[in-house]
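The next block holds one structure in the form of structure tokens; read it before the comments.
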There are 2 protein chains.
Amino acid sequence: MGVTLSDVALKAGVSRAAVSRTFTAGASVSPKMRARVETAALELGYSPNLLARSLTTRKTQLVGLVSNNFHNPVFLQIFDLVTKGLQERGLRPLLVNLSDETDPARSVQLLRQYSVEGVILATSHLPDGFASAFRDAGVAVVHAFGRPTGQTDVVGIDNVAAGQMAAQTLIARGYRHLGFMGGPEQASTTQDRLAGFSAAARALGGVVSHSFAGAYSFEAGRVEMTRLLAHPKAEAYFCADDVLSIGALSAAQAAGLRVPDDLGLIGLNDMHMAAWANINLTTIHQPFDAIVSGAIDLMQDRFADPTRAAQTRLFPCHIVDRGTLRAQS
Amino acid sequence: MGVTLSDVALKAGVSRAAVSRTFTAGASVSPKMRARVETAALELGYSPNLLARSLTTRKTQLVGLVSNNFHNPVFLQIFDLVTKGLQERGLRPLLVNLSDETDPARSVQLLRQYSVEGVILATSHLPDGFASAFRDAGVAVVHAFGRPTGQTDVVGIDNVAAGQMAAQTLIARGYRHLGFMGGPEQASTTQDRLAGFSAAARALGGVVSHSFAGAYSFEAGRVEMTRLLAHPKAEAYFCADDVLSIGALSAAQAAGLRVPDDLGLIGLNDMHMAAWANINLTTIHQPFDAIVSGAIDLMQDRFADPTRAAQTRLFPCHIVDRGTLRAQS
DNA sequence: CCGCTGAATGCTTTCGTTTGCAATCGAAAC
DNA sequence: GTTTCGATTGCAAACGAAAGCATTCAGCGG
């Protein structure tokens with residue numbers, strides 16, 4: 001452990017600069033020199049210390065991946081995509097769990113202390129000023145699944161449009177009394193989806209009620225739907241998240257309702273689980289792969305031009321028809 | 001961006017060493033000096049560059065978190081626990097997605113290049129020599145959910161005992177023809193659980209058959225159970241993983257079987273999802289929190305004493321009785 | 001008032017690497 | 001056999017911070 005540049009230089013009988021050059025892309029080294037250094041390096045098992053390198057190059061290839069949503073299985077898919085995407089581009093994710101008890105300011109400071117070049121915020125709900133703290137510190141930050149502000153780069157979907165799409169679909173399937181079940185009320189995703197949903201539903205002659213589950217979780221969805229079913233108001237619900245929908249579905253089944261005949265349900269995300277045969281949830285597909293690679297692209301764009309204006313990149317959604325909504329009437 | 005030690009020293013009118021000392025714990029600084037430096041640092045927004053610091057202290061506080069299981073929701077729970085546990089101890093996880101296409105050797109090299117002090121392997125199935133590559137490189141490695149080898153630190157459960165526990169439970173519930181559904185055949189978890197299960201089942205007069213699903217996934221479990229149900233051999237199955245069990249459960253329901261009356265099912269892990277009302281899976285609880293904090297402890301132990309012998313720490317499991325096994329007869 | 005002692009402080013080297021600059025090399029052109 | 005010029009090479013100074021060493025300081029007993 002700990003074989004350095006100098007060790008290799010000594011062994012190969014060349015200068016340290018020569019060794020450095022054979023390991024930095026695009027440097028001027030003769031083939032002979034390169035061969036000589038490389039055999040010495042191989043024998044010693046040398047590979048350059050990226051942290052030391054970063055001191056002079058000012059490039060760490062480190063990216064903060066911060067999320068506070070470690071309870072919604074959809075984020076495992078997202079982590080998978082993000083880590084793969086970063087790895088393909090030679091970047092490394094430093095994972096930060098922004099759970100409730102940790103001080104957000106400390107997380108910002110910490111990532112800066114590790115000289116991350118960029119930060120990907122993979123969550124809709126963020127502490128105030130979190131994103132801008134990075135921007136002000138000069139680190140490329142992109143907010144995935146966030147609400148466009150014009151202040152920072154945002155990648156995601158148009159949540160208002162998604163809400164509209166849900167309403168249009170329910171109306172088209174012949175439901176008239178519609179319900180919206182959101183996640184936490186302060187989440188921008190919840191607010192925007194509700195706004196789009198209500199407006200479109202009313203415009204199409206629907207009647208809409210709404211309520212909020214305490215979290216984007218199965219249990220919250222189940223509890224809330226159980227509550228709703230005690231005094232039924234709607235024939236079909238748009239749940240602002242698949243895992244919420246699955247909780248609601250469970251509650252409906254427990255209440256002896258047949259889905260979709262007695263109650264229609266449509267979710268949002270199209271997480272893998274929505275396709276499971278015993279769930280078979282009709283839902284709005286959120287193109288995670290496009291969003292994630294868009295987020296990484298935007299981050300790299302900003303590496304290249306730190307002063308460019310903030311950019312918003314929204315991708316279209318589409319309905320995935322499964323078994324929780326009745327067919328087009 | 002980029003305010004350094006020297007900037008603060010200049011502003012405060014003191015030496016660079018003085019600034020360094022106020023930011024390193026346990027250094028000799030007078031209260032007056034400390035105050036002076038701290039106000040200057042605050043005004044400039046200085047905080048020490050951890051990467052530069054690591055060059056002299058040889059401590060990066062960086063830990064590799066590597067997994068190849070980004071499809072089983074249980075790993076989100078694990079990532080949650082690991083990240084929180086590391087953060088509490090002032091350590092930072094560098095996340096590595098060891099997916100099939102990436103070269104394992106490159107991952108090892110990469111983590112070494114970033115001077116990680118330790119590595120947590122959160123997966124049961126690993127490329128050959130992966131763990132030992134870290135050990136040989138002098139980085140503290142602990143294999144969570146792995147099979148004890150005596151060569152590296154391992155934390156997890158006794159998978160053979162877990163298999164026995166499953167068999168004993170099924171027999172005690174009056175099932176006699178037992179089936180084992182494993183994940184990938186080469187996974188040590190699958191092998192060990194099968195070994196314990198078969199031995200105990202036979203010892204107790206049971207008849208056992210076994211087969212393997214291609215992956216630890218819902219779909220693999222569903223497909224395999226569908227196949228098994230075409231020519232039924234067993235009254236109850238032990239599925240080596242909850243998500244596999246849930247797939248199997250779905251297949252059973254699709255085949256019109258009532259669980260647990262027509263078919264018994266027991267899983268392993270007790271992931272959150274197992275408790276969902278519409279799944280309600282009887283399963284063997286694997287104590288993730290103990291395993292994860294044990295893994296971190298063991299890693300830190302090795303920081304302190306890099307030469308100590310490899311250690312294995314196994315935690316006990318217990319049955320969580322839910323709705324997929326009939327009651328004790 | 002002096003000498004002593006332990007705490008504070010500053011100087012300088014070091015960590016492992018890159019990189020600007022100058023010196024050297026090699027081969028083509030004359 | 002010179003020149004010339006671009007490609008290689010080595011030297012040495014950064015990068016941001018820690019820490020050993022020597023120096024200074026303050027407070028104490030005498």
Side-chain angles (χ1 to χ4, degrees), chain A residues 1-38 40-41 44-62 109-117 137-138, chain B residues 1-38 40-41 44-62 109-117 137-138:
Chain A
M1 48 236 101
V3 30
T4 78
L5 199 66
S6 309
D7 299 334
V8 178
L10 205 68
K11 170 133 198 163
V14 300
S15 74
R16 286 155 50 222
V19 179
S20 170
R21 287 196 179 90
T22 72
F23 283 96
T24 83
S28 168
V29 200
S30 69
K32 206 163 65 179
M33 170 67 87
R34 169 176 298 278
R36 195 162 153 194
V37 170
E38 273 174 351
L44 265 43
Y46 168 78
S47 67
N49 181 330
L50 262 35
L51 266 28
R53 167 180 290 176
S54 78
L55 212 51
T56 53
T57 60
R58 306 185 154 289
K59 300 219 164 307
T60 58
Q61 311 281 85
L62 248 28
Q109 188 196 24
L110 212 133
L111 286 170
R112 289 188 45 202
Q113 290 190 306
Y114 276 103
S115 309
V116 296
E117 294 179 43
Chain B
M1 46 239 103
V3 33
T4 77
L5 199 64
S6 308
D7 300 333
V8 178
L10 206 67
K11 170 132 198 166
V14 300
S15 74
R16 287 158 47 224
V19 178
S20 169
R21 279 195 265 265
T22 74
F23 284 96
T24 83
S28 169
V29 201
S30 69
K32 207 164 64 180
M33 170 68 86
R34 168 176 299 277
R36 196 163 154 192
V37 170
E38 273 173 352
L44 266 46
Y46 168 79
S47 66
N49 180 329
L50 261 35
L51 266 29
R53 166 181 290 177
S54 78
L55 213 51
T56 52
T57 60
R58 305 186 154 290
K59 302 219 164 304
T60 59
Q61 312 282 82
L62 248 30
Q109 190 196 24
L110 211 133
L111 286 170
R112 289 188 44 201
Q113 290 189 306
Y114 276 103
S115 309
V116 297
E117 294 179 44

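These figures come from a predicted structure and were not determined experimentally. We name chains A, B, ... by the order of the sequence lines, and we start the count at 1 in each one. What you see below is based on every heavy atom in this structure, not just the backbone, and it leaves out hydrogens, waters and symmetry mates.
The shortest heavy-atom contact between V8(A) and V3(A) is CG2-CG2, 4.4 Å. Minimum heavy-atom separation, S115(B) to T60(B): O-OG1, 2.8 Å.
The side chain to side chain donor-acceptor pair (under 3.5 Å) analysis of residues 11-22 of chain A, with sequence neighbours excluded, yields the pairs K11(A)-E43(A).
Where A52(B) and V19(A) meet DNA chain C, the nucleotide closest to each residue was compared, and A52(B) sits on the side nearer the 5' end. Each of M33(B) and R21(A) was assigned the nucleotide of DNA chain C with the nearest heavy atom; the assignment lying further toward the 5' end belongs to M33(B).
Panel note: side chain R36(A), backbone A12(A); a donor-acceptor pair is recorded below 3.5 Å.
Rounding to whole angstrom units, CG of residue N49(A) and P of dC15(D) are separated by 19 Å. The separation between R53(B) atom CZ and dC15(D) atom C1' is 16 Å, rounded to whole Å. Between the CG atom of L51(B) and the C1' atom of dA18(D) there is a distance of 15 Å, given to the nearest Å. A straight line from CG of D7(B) to C1' of dC15(D) spans 13 Å, rounded to a whole angstrom. Distance CG (L5(A)) to P (dA12(D)): 16 Å, rounded to an integer number of Å. The CG-P distance, from L44(B) to dG16(D), rounds to 14 Å in whole Å.
Side-chain N/O atoms of Y114(A) include none lying less than 4.0 angstrom from OP1 or OP2 on dG16(D). Residue T56(B) places no side-chain N or O under 4.0 Å from the OP1 or OP2 atom of dA19(D).
Partners of F23(B) according to the ring pair (Phe, Tyr, Trp, His ring centres under 6.0 Å) rule, which considers only residues two or more places apart in sequence or in another chain, are Y46(B).
With rounding to the nearest 0.5 angstrom, the CZ atom of R112(B) is 10.5 Å from the CG atom of N49(A).
Near DNA chain C, meaning a heavy atom under 4.0 Å away, the residues from residues 8-18 of chain A are R16(A), A17(A).
Using a 4.0 Å heavy-atom criterion, one finds that S20(B) contacts the bases of the nucleic acid, with or without backbone contacts as well. Using a 4.0 Å heavy-atom distance criterion, T24(A) is classed as a sugar-phosphate-only contact.
For R58(A) against dG16(D), no side-chain N or O and base N or O form a donor-acceptor pair under 3.5 Å.
Side chains of L55(A) and L51(B) form no contact here, defined as non-hydrogen atoms less than 4.5 Å apart. Residues L50(B) and Q61(B) have side chains not in contact (no heavy-atom distance under 4.5 Å, counting atoms from C-beta outward).
Rounded to 10 degrees, the angle separating the terminal helix axes of the helix from dC1(C)-dG30(D) to dC30(C)-dG1(D), each built from five base pairs, is 40°.
Nucleotides of DNA chain C lying under 4.0 Å from heavy atoms of chain B occupy a range whose first and last members, 5' to 3', are dA8(C) to dG16(C).
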For nucleotides 4-7 of chain D, give me every protein contact, N/O to N/O, under 3.5 Å, one pair per line with atom names.
none

